[in-house]
**Q** 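So that we are looking at the same thing, I have put the structure below in structure tokens.
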Amino acid sequence: MSKFSRTTVTAALIYANGPIHIGHLAGCYLPADIYVRFLRLQKKDVIFVSGTDEHGVPITIKAQKEGKTPQEVVDFYYKEIKSSFQDFGISFDFYGRTSDPVHHQFSQDFFLKLYEEGKFVEETTMQYFDESANQFLADRYITGDCPSCKQPGAYGDQCEKCGTTLSPNELLNPKSMLSGASPVLKPTKNWFLPLDQWQGELTKYIDSHPEWKPNVLGQVKSWLQEGLRPRAMTRDLNWGVPIPLPDTEGKVLYVWFDAPIGYMSMTTQLTPDWEKYWKAKDSQVVHFIGKDNIVFHCLIFPAMCMAHGEFQLADQVPANEFMNLEGDKISTSRNWAVWLHEYLQDFPGKQDVLRYTLTSLSPETKDSDFTWSDFQTKNNSELVAILGNFVNRAFVLIDKNFDSQVPVKSAESSLESDLMLALKDIPAKLDAALATFKFRDALVIAMEIARLGNKYLAETEPWKVIKEDREKAGSILNFAVQLVAQSAIALEPFIPFTSNKLREALGMSEYSWTHIGDFDLIPAGQTLKNPGLLFDKIEDDVIQLQIEKLNKTKNQMELASKSVPNIKETIEFDDFAKMDIRIGEIVAAEKMEKSKKLLKLTVKDGIKERTILSGIAEHFNPEEVVGKQVSFLANLAPRKMMGIESEGMILMAEDADGSLSFVQPDKKIWNGATVN
RNA sequence: GGCGGGGUAGCUCAGAUGGUUAGAGCGUUGGAUUCAUAACCCAAAGGUCGGCAGUUCGAUUCUGCUCCCCGCUACCA
């Protein structure tokens, strides 16, 4: 048996800056909920906590854009997210938030303990500071021209136009997003957790869990192999958990420091007994997360807990991969998603259909794809045809022939013993699948009961038997009712709303996981209340509507991306005259070793041959560019990339579809010609 | 380029510490049936398990190389 006597289940804290979609649900909340319901049905001691992560820079930026305070923003989304989860039956024992004072206090205490025990390294680094706003600027608070594509509007960590990852001091013309002023570099002190010092213990910890999923171990080992580096646990920002030290005005805990601590602080709000769930050696901690959170939950948070010394490390971290939507990555900013609140408007009362579909398409081992057509098929050929149909057959037959009373069971024939034999393995198989987080498999196994039910009815034909032997027909239907009841239990973790309906219809008050396989669950004579059809067929036009809805957003996004960018700030002639653009001929080209994007070009400029590195390897082969006359910027300061110096920049025009085109003279002219 | 994940039936995916006919669901085809939401039940067809080599008595499963997809990462002057 398990060496644990209780289980603490967490689901990733979701960032409170937008509504939630099917990807969130499929990623960790649904699997976590299934697991927790499974444990509860076994009467195990389990708690399930999660909440919203409400700190960090993106929320402050969103607040600023909408003219609200960060608190107003997170208050709104906390409510919306919490109610979406509730609507879909995600059965948290406590759903908290990191802006809660309890959480602030708790994470400050955590930080202080590490601080007092000397677990941090203090380091002073240079950061951009906005003098007029009197505060340091986080990466996302700095905007400027992208050093790569030259377009304005790049952020300190990334240019969203060309996708380049940046660091703030690379930006040209950096501007503070707070005041528009040019920021200055100033020293600032932050506290680092020296992950490198924990590398040995972390490695031991990871090695002690060979049973973790390959995607989790793979990513973690990759980090360990590269060697861990100290990571700042504090930030210069006003929105967050203030550092509990003197003279730290304007500094807060790093969101990734305080967020996972939220699991604990939320537990303190759930039960005064919270320490048991986090500190007792016989408590099992299970984190359900998406693959983007693996490193934090498997390395950084464990390192924090090791440094702290009192808390149990995670025993299981079942991380899912990502779910795509109709072949494309789900994206909040591109509005490419099925939002839970919109789904409920379009499919009222059909929470279970989505839960069922998402579970059976769950990205357990690799990225998966949600399509509306799959959704329709799952509903029509499985929920309606297998489960709904079986339940309906049983109820209708009893309503018609036995006045809605469960008939008496009589002697068993070989058909019944076959049936019971077929069911015998199901509980163990179901347990094994659920305990190892194979929810897709588990769902198939749970559905097997209804499949057996349909088969049993087809074989026994009670609608024929009733004409000659009423008692025998009654017995058959008694068996059928027991199967319905067992289905209700086995499917509870997956489709709790339906399970609930069934239990009410059957008048089941007491039930537990061990009743799967029990054929005396519903006593003879019990009056049934036909629940009506459990599921409706979903017709093509309904699905078509959803697909059209998605196509519409897709078209809109394409239109938006095709729109011609705004004209940049006006410049003087002198500014233009500074640029020395010339025509040259590419006489040689080769792919750069170890680079996906760079081509090394040799360009004849009329004076000499110069080397220019250009990021066009994904668009052109070396052979096809040789011999072309192109325009290039001749007086750009040389820059070393991948060990080779680039002397200039090739001018490229970008088409609406992202493809590139050289800017060429329309007749052959002499190399070195200037462009004015 | 580095690191990681994946490439198995028309589709979505399981699986094998190497061993007789490689599995499931959906889809397709044929049959049976009418209690049931044209649902259910039975049966069949369908796979050189990404490619090439190697280890082995034997590989789809192990090793090496290679191609393709996804993610992280460096690189687009």
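Within every chain, numbering begins at 1; the chains are lettered A, B, ... in the order of the sequence lines, protein sequences first and strands thereafter. All of these numbers come straight from a predicted model, not from anything done at the bench.
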**Q** Between A:R610 and A:E645, does at least one N-O distance fall below 4.0 Å, as a salt bridge requires?
**A** no
**Q** Check RNA chain B against residues 443-456 of chain A and give the residues with a non-hydrogen atom under 4.0 Å, in numerical order.
**A** A:R451, A:N454, A:K455
**Q** Please report, to 0.1 Å, the donor-acceptor pairs under 3.5 Å made by any side chain of residues 419-431 of chain A, with sequence neighbours excluded.
**A**
| residue | atom | partner | partner atom | Å |
| --- | --- | --- | --- | --- |
| A:D431 | OD1 | A:W513 | NE1 | 2.5 |

**Q** Under the salt bridge (Lys or Arg N to Asp or Glu O under 4.0 Å) rule, collect the residues that match up with A:E471, sequence neighbours excluded.
**A** none
**Q** Under 30°, 30 to 60°, or over 60°: which ring-plane class applies to A:Y205 and A:H209, parallel, tilted or perpendicular?
**A** perpendicular
**Q** List in chain and number order the residues that pass side-chain contact (heavy atoms from CB on, under 4.5 Å) with A:E468, two or more places apart in sequence or in another chain; answer none if no residue qualifies.
**A** none
**Q** Would you list the protein and nucleotides 28-35 of chain B atom pairs, both N or O, that sit under 3.5 Å from each other?
**A**
| residue | atom | partner | partner atom | Å |
| --- | --- | --- | --- | --- |
| B:C35 | O3' | A:K400 | NZ | 3.3 |
| B:C35 | O2 | A:R393 | NE | 3.1 |
| B:C35 | N3 | A:R393 | NE | 3.1 |
| B:C35 | N3 | A:R393 | NH2 | 2.5 |
| B:C35 | N4 | A:R393 | NH2 | 2.8 |

**Q** Which residue pairs satisfy the ring-ring contact (aromatic ring centres under 6.0 Å, His included) criterion with at least one member in residues 431-453 of chain A, sequence neighbours excluded?
**A** A:Y35-A:F437, A:F288-A:F437
**Q** If you look at every strand shown and take non-hydrogen atoms under 4.0 Å, does A:F322 touch a base, only sugar-phosphate, or nothing?
**A** nothing
**Q** With A:D403, which residues qualify under side chain to side chain donor-acceptor pair (under 3.5 Å), at least two apart?
**A** none
**Q** Determine which pairs satisfy side chain to side chain donor-acceptor pair (under 3.5 Å) with at least one residue from residues 287-297 of chain A, sequence neighbours left out, and list them in order.
**A** A:T10-A:H287, A:Y263-A:H297, A:K291-A:E321, A:K291-A:D367
**Q** Looking at residues at least two apart in the chain, or sitting in another chain, which of them share a ring-ring contact (aromatic ring centres under 6.0 Å, His included) with A:F497?
**A** none
**Q** Go through residues 348-357 of chain A and report each residue with a non-hydrogen atom lying under 4.0 Å from RNA chain B, sorted by number.
**A** none
**Q** If the sugar-phosphate is the primed atoms plus P, OP1 and OP2 and the base is the rest, what is the B/S/- string for nucleotides 4-9 of chain B, using protein heavy atoms under 4.0 Å?
**A** SSSS--
**Q** Testing the basics here: between A:F494 and A:L434, what is the closest heavy-atom pair and its distance to 0.1 Å?
**A** CZ-CD2, 3.9 Å
**Q** What pairs of donor and acceptor atoms, side-chain ones from residues 448-459 of chain A against any protein atom, are under 3.5 angstrom apart with sequence neighbours left out?
**A**
| residue | atom | partner | partner atom | Å |
| --- | --- | --- | --- | --- |
| A:N454 | OD1 | A:R393 | NH1 | 2.9 |
| A:N454 | ND2 | A:I386 | O | 3.1 |
| A:Y456 | OH | A:E416 | OE2 | 2.4 |

